[in-house]
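Everything numeric here is computed off the predicted structure, so don't read it as measured data. Nothing fancy with the numbering, it's 1 onward along the sequence.
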Amino acid sequence: MSTREKLYEGKAKVVYAGDHADELILHFKDDTSAFDGEKLAQLARKGEVNNAFNAFIMEYLQEAGVPTHFLRRSGAQESVVQRLEMIPVECVIRNRAAGSLCRRLGIEEGRVLEPPVLEFFLKNDALHDPLINRSHIRSFAWATAEEVEAMTRWTERVNVLLVDLFARAGLILVDFKLEFGRFQGDLRLGDEFSPDGCRLWDAQSLEKMDKDRFRRDLGGVVEAYLEVARRIGVPLAS
Ligand code: TMP
Ligand code: ASP
């Protein structure tokens, strides 16, 4: 395994070539980052927790009919996925106001958004992931009109599925980010779903149980991820 080819290293994952040309290995690092990589730290067990969390969610979505790149977990911090041609657009859906939406529009945190707000951001840390719209995506050919429609539809479908999953565990799914890519021309959900890329609040106390604990120096980051994992039934030693 040590001779495998490293293709890309991101802030939270390393991507290696898989055993087959159309597969990749994702290695979930203990590194965590925020504010486009300005704030960095290492958190013990984060890679293992996010790998198990992501596998659970991807399998859940796949069983519900969402096309994803996920194939199988291959180690404590690793999973095998299909090699996608990634679309450089982050699809964010919001059920409650938080984060950049509050800063941008002066909305109070926690306001219920009905219908949920869907936003696109360009995946570009140097430009701080700017907000973009369908017109930008089309004009710069980041995706086709059909792909934009499909990304919108799948993001809304994933939202319905996961709002329900987390609600049953006493958690509010505030918002989350998805990334999509193409596999043999077909759109699929790629990247990961973990508490690094979503906001989750305890339904009773409204306590933050996601990466905002790291962004805001609240402490107990991995402990909160483990608690969320335990509540939804991700198999992990606590
Ligand atoms: P935001 O409030 O910072 O725009 O983020 C909205 C949600 O999307 C939040 O759950 C974090 C997630 N997100 C990422 O995981 N990575 C990103 O680069 C961005 C822009 C958002
Ligand atoms: N994931 C991004 C970063 O590391 C944005 C964030 O989560 O704040 O900078």
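- For the pair Lys39 and Phe214, the cation-pi criterion (under 6.0 Å, within 45° of the ring axis) is fulfilled.
- Listed by chain and number, the residues in a salt bridge (Lys or Arg N to Asp or Glu O under 4.0 Å) with Arg199 are Asp175, Asp212 (sequence neighbours excluded).
- In the hydrophobic cluster analysis, where Ile, Leu, Val, Met, Phe, Trp and Tyr join through side-chain heavy atoms closer than 4.5 angstrom, Ile137 is grouped apart from Val92.
- Scanning all heavy atoms of the two residues, the minimum distance from Ile25 to Ala17 falls at CD1-O, 3.7 Å.
- Between Trp142 and Ile132 the shortest side-chain heavy-atom distance falls below 4.5 Å.
- If you run side chain to side chain donor-acceptor pair (under 3.5 Å) between Glu78 and each of Arg72, His27, Arg73, only His27 comes through.
- Tracing side-chain contacts under 4.5 Å through hydrophobic residues (I, L, V, M, F, W, Y), one reaches Leu61 starting from Leu118; they form part of the same cluster.
- Judged by distance alone, the side chain of Asp129 and the main-chain N or O of Lys123 form no donor-acceptor pair under 3.5 Å.
- Side chain of Lys46 to main chain of Asp31: a donor-acceptor pair is present (N/O by atom type, distance under 3.5 Å, no hydrogens or angles).
- Annotation: side chain of Ile172 is in contact with side chain of Leu206 (closest heavy-atom distance under 4.5 Å).
- Across all non-hydrogen atoms, the minimal contact from Arg104 to Leu131 is NH1-CD2, 3.8 Å.
- In terms of the salt bridge (Lys or Arg N to Asp or Glu O under 4.0 Å) criterion, residue partners of Glu85 (sequence neighbours excluded) are, by chain and number, Arg182.
- The salt bridge (charged side-chain N to carboxylate O under 4.0 Å, His left out) test with Lys11 is passed by exactly one of Asp196, Asp30, Asp125: Asp125.
- One hydrophobic cluster, built from ILVMFWY side chains closer than 4.5 Å, holds both Val66 and Leu187.
- Across Thr144 and Arg138, no two heavy atoms sit closer than the pair CA-NH1, 3.7 Å.
- Applying the 6.0 Å contact sphere to CD of Gln204 captures no more than 12 heavy atoms from other residues, nucleotides or ligands.
- With a 4.5 Å cut-off on side-chain heavy atoms, Glu38 and His128 count as touching.
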What's the verdict on side-chain hydrogen bond (donor to acceptor under 3.5 Å, both in side chains) for Ser79 and Asn51, showing C-alpha distance, side-chain angles and the deciding distance?
CA-CA 7 Å; Ser79 288; Asn51 185 40; 2.7 Å; yes
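- Looking at residues two or more places apart in sequence or on another chain, you find no ring pair (Phe, Tyr, Trp, His ring centres under 6.0 Å) involving Trp154.
- Here the CG-CG distance, from Asp19 to Leu24, works out to 11.5 Å after rounding to the nearest 0.5 Å.
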Derivation of the side-chain contact (heavy atoms from CB on, under 4.5 Å) call for Thr32 and Val221:
CA-CA 10 Å; Thr32 193; Val221 181; 5.9 Å; no
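- Here the straight-line distance linking atom CD of Glu192 with atom CG of Asn50 works out to 5.5 Å at 0.5 Å rounding.
- Leu84 contributes atom CG, which lies 10.5 Å from atom CD of Gln184 (distance to the nearest 0.5 angstrom).
- In this structure, the side chain of Arg96 engages the main chain of Gly110 through a donor-acceptor pair within 3.5 Å.
- When all heavy atoms are compared, the tightest approach of Lys6 to Val14 is CG-CG1, 3.5 Å.
- In this structure, Ile57 and Leu165 have side chains that are in contact, with non-hydrogen atoms separated by less than 4.5 Å.
- Within the structure, the ring pair (Phe, Tyr, Trp, His ring centres under 6.0 Å) test picks out no pair touching residues 54-109 (sequence neighbours left out).
- Put simply, the side chain of Lys211 reaches to within 4.5 Å of the side chain of Tyr225, judged on heavy atoms.
- Val228 is not listed as a side-chain neighbour of Asp210, based on a closest heavy-atom distance of 4.5 Å or more.
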I would like to know whether Leu236 and Phe53 meet side-chain contact (heavy atoms from CB on, under 4.5 Å); could you show each step before the answer?
CA-CA 9 Å; Leu236 262 169; Phe53 200 101; 5.9 Å; no
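- The salt bridge (Lys or Arg N to Asp or Glu O under 4.0 Å) test applied to Glu48 returns Arg45, not counting sequence neighbours.
- Considering all non-hydrogen atoms of both residues, Ala97 and Trp201 come closest at O-CH2, 4.2 Å.
- Atom-to-atom distance recorded for Glu119:CD and Ile93:CD1 is 10.0 Å, nearest 0.5 angstrom.
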Would Leu26 and Val15 count as a side-chain contact (heavy atoms from CB on, under 4.5 Å) if you check the C-alpha gap in whole Å, the side-chain angles of each, and the deciding distance to 0.1 Å?
CA-CA 5 Å; Leu26 301 185; Val15 180; 3.9 Å; yes
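- The OG1 atom of Thr68 sits 11.0 Å away from the CG atom of Leu178 when rounded to the nearest 0.5 Å.
- With sequence neighbours left out, Phe193 forms a ring pair (Phe, Tyr, Trp, His ring centres under 6.0 Å) with Phe176.
- At a threshold of 4.0 Å, the pair Glu223-Arg213 does not count as salt-bridged, since none of the basic side-chain nitrogens sits closer than that to a carboxylate oxygen.
- Residues Val81 and Leu71 approach most closely at C-CD1, 3.8 Å, considering heavy atoms.
- Taken together through direct or relayed side-chain contacts under 4.5 Å among Ile, Leu, Val, Met, Phe, Trp and Tyr, Val117 and Leu122 form parts of separate hydrophobic clusters.
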Check against side-chain contact (heavy atoms from CB on, under 4.5 Å), Leu101 and Leu113
CA-CA 11 Å; Leu101 180 86; Leu113 305 171; 3.8 Å; yes
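- With rounding to the nearest 0.5 Å, the separation of CG in Leu189 from CD in Glu179 is 9.5 Å.
- A continuous path of ILVMFWY side-chain contacts below 4.5 Å connects Phe140 to Val89, so both sit in one hydrophobic cluster.
- Put simply, the side chain of Phe166 does not reach to within 4.5 Å of the side chain of Arg231, judged on heavy atoms.
- Side-chain atoms of Phe120 and Cys91, non-hydrogen and from C-beta on, do get closer than 4.5 Å to each other.
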